[in-house]
Every structure is written in C-alpha cells, then in structure tokens.
Amino acid sequence: LVSNIGVLATMAQPPDIRITDWQRILTSPSASGMIPGYGVYTYAGRLTIWRFYSSAFYAEHEVAQLGKEMMEQLEGI
C-alpha cells in the first residue's frame with residue numbers, strides 16, 4: 001500500500017519556533033493492513049517516505065536491504 005498525502009502547505013509558525021517537518025502518525029499500520037506499506041509526502045520542499053514492514057514477515061536485514069534498494073532507485077531518477 002502506498003499512501004501519498006502529496007505536498008503539504010507550510011504551517012503557521014510562532015515567531016520563536018521553526019517547523020521543519022510534518023509526520024502522520026499511525027498507531028498500528030499492521031492492524032490496518034498496511035504491511036508492507038509506504039507513507040509519502042512533501043513538506044517544505046522535502047520528500048519523506050516512511051516504510052512499514054512487519055517483523056513477523058521480514059527480518060531486520062531484509063528491511064535494511066529493501067530500504068537501500070529503494071534509495072538507490074530514487075537516486076537514479
């Protein structure tokens with residue numbers, strides 16, 4: 001599942017605070033059937049991709065390899 005929220009508008013910021021990112025928090029991606037899943041959005045010109053893999057199906061080294069492959073593909077664009 002890929003959930004692309006798109007480009008988010010910059011939030012109003014108090015004078016002494018600078019917001020540099022925004023994150024959508026999912027309490028339980030596996031409960032919603034989002035495994036594997038990706039959350040994608042852009043805030044302040046920065047692309048963010050969250051990936052969700054269940055440890056019930058993927059070993060830690062597999063998740064690291066999948067993340068590395070995704071970065072290599074994105075860098076090649």
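Throughout, numbering of the chain's residues begins at 1 and tracks the sequence. As a basis for the values below, the full set of heavy atoms in this structure was taken, side chains included, without hydrogen atoms, waters or symmetry mates.
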Using the rule that two of Ile, Leu, Val, Met, Phe, Trp, Tyr join whenever any of their side-chain heavy atoms come within less than 4.5 Å, decide whether [X] and [Y] are in one cluster.
X	Y	answer
V40	V63	yes
L74	Y38	yes
I77	M71	no
Y53	I49	yes

Shortest non-hydrogen separation from [X] to [Y] and the atoms involved:
X	Y	result
F52	G39	CE1-N, 4.1 Å
F57	E62	O-OE1, 4.1 Å
A9	Y43	O-CE1, 3.5 Å

From L66 atom CG to H61 atom NE2, the distance as rounded to the nearest 0.5 Å: 9.5 Å
Distance, nearest 0.5 Å, that separates CD of Q73 from CE of M70: 8.5 Å
Would you say E69 has more than 12 foreign heavy atoms packed within less than 6.0 Å of its CD? yes
